[in-house]
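Values in this document were obtained by computation on a predicted structure and should not be read as measured data. Along the sequence shown, residues are numbered consecutively beginning with 1. When a ligand or atom number is given, it counts from 1 through the structure's own listing order.
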Amino acid sequence: MSKKFINASIYKHEDASEILVEDGKIKAIGTDLGPADESIDLGGRLVLPPYVDSHLHLDYYFTGQDPKVKNESGTLFEAIDLWNDYKKGTSKEEMKERIRQAVKDVASYGTQFIRAQTDCTDPKLTGIKAALEVRDELKDNITIQVVAFPQNGMFSYEEEGKTGRDLVEEALQLGADCVGGIPHNEWSREDGMASIKEIVRLAIKYDKLIDVHCDETDDDEARFLEMLNAEAMKQGYGQETTASHTCSFGSVNDAYAFRMMGLFRQSGLNFVSCPTENLFLQGRQDSYPKRRGLTRVKEFVDNDINVAFGQDSIVDLWYPAGSGNMMNILDNGIHATQLMREEDFPRNFDLITYNGAKLMQVEDQYGLEEGKPANFIVLDAPSAFEAQRCRVECLASIRNGEYLFEKAPRQYQTALDIDRKTK
Ligand SMILES: [Zn+2]
């Protein structure tokens, strides 16, 4: 069975307008590709590889609207305390249902790849077990990587004789895909450093990727990013390692940042920035001028350092809004990081597509290339620029050549003579 998607504007394939799909794989991308069993006219719309959400807490989804818990201060640290109490009263089935709902919600906007940060500081590992089961259950329609994330720390947490470190290891043995960490939330710099050494050691032992919540503070003296990079570099493990948030790197002095950029290029370290979340959470102790709280995304892009955007939270104790629509994240992200130069628009979608796939190391399933699985989405715009300018909707998500969903383009009637300018 072959399908031909015609009259398409294909991301980073300027001269092509057709995609030929056979047996769920991309057979060809080009023009005049010949006959197919079925022909689908995309009306000149933009085709992208599916959205990748590189950093999302599926297990926290909609906990923010539970009347039992309320984050009065709006800070990250109050959220961690509240969640600590909350998770004790949750069953695996409840958690699975929450994660399933989150995945369906996120997928409805065109995401097919999620790196799910999942709290493992719970002696029963309820969230990890739930996330692993949902990952396997939904794998045909969505690719989920589960990060064993010790929200309360590796060494600052101990319950029923198990430390956060022990629980990370247990989660990896159960099948988690990545080693997580949160060195800035350990009780001391020494513990933070010890946690980084342990993260890298466990990743190598179990052959897993690394994704650390790293320096999610405005402290311009935070240095866990430097330590993580050095540790990964020593082990030749930079490309397998992702530093999430790294907010404080937006506050360090330029001479230091310049030196570190060289080291990041050398190590191949990956970065994830969560623009909406950190715009909301950071800068809380500042009066004015108030910092944006984001890491140096534009400088990473300019220095060929891999960086992706993530949603992070959907209505949880850390952040009261969020939908999982990566277009919203991209829009906020390119504003907050000033990625709006002429050369940026044609490649900005990398931040929510290819760059995330690279750090997840899912390239065998991912990309608009011949031979890859036919996974792609269709946006309601004729170009990458128009899609960003008008923050358009994703009209279709296609996985292995089959539609996961299809929506009709928005129609409206008006008395105005509408002639919208497009570029
Ligand atoms: Zn996070």
Check the pair F271 / F249 against ring-ring contact (aromatic ring centres under 6.0 Å, His included), numbers first and verdict last.
CA-CA 11 Å; F271 288 83; F249 196 60; 7.0 Å; no
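- Not a single N/O/S atom of C274, whether from backbone or side chain, sits less than 2.8 Å from the Zn ion (ligand 1).
- In terms of distance to the Zn ion (ligand 1), the nearest N, O or S atom of D312 is named OD1.
- As for H55, its N/O/S atom nearest the Zn ion (ligand 1) is the one called NE2.
- A salt bridge links E402 with K3: at least one charged nitrogen is closer than 4.0 Å to a carboxylate oxygen.
- Considering all non-hydrogen atoms of both residues, C178 and Q145 come closest at SG-OE1, 3.8 Å.
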Full working for ring-ring contact (aromatic ring centres under 6.0 Å, His included) between Y366 and F113:
CA-CA 9 Å; Y366 195 89; F113 294 80; 5.2 Å; yes
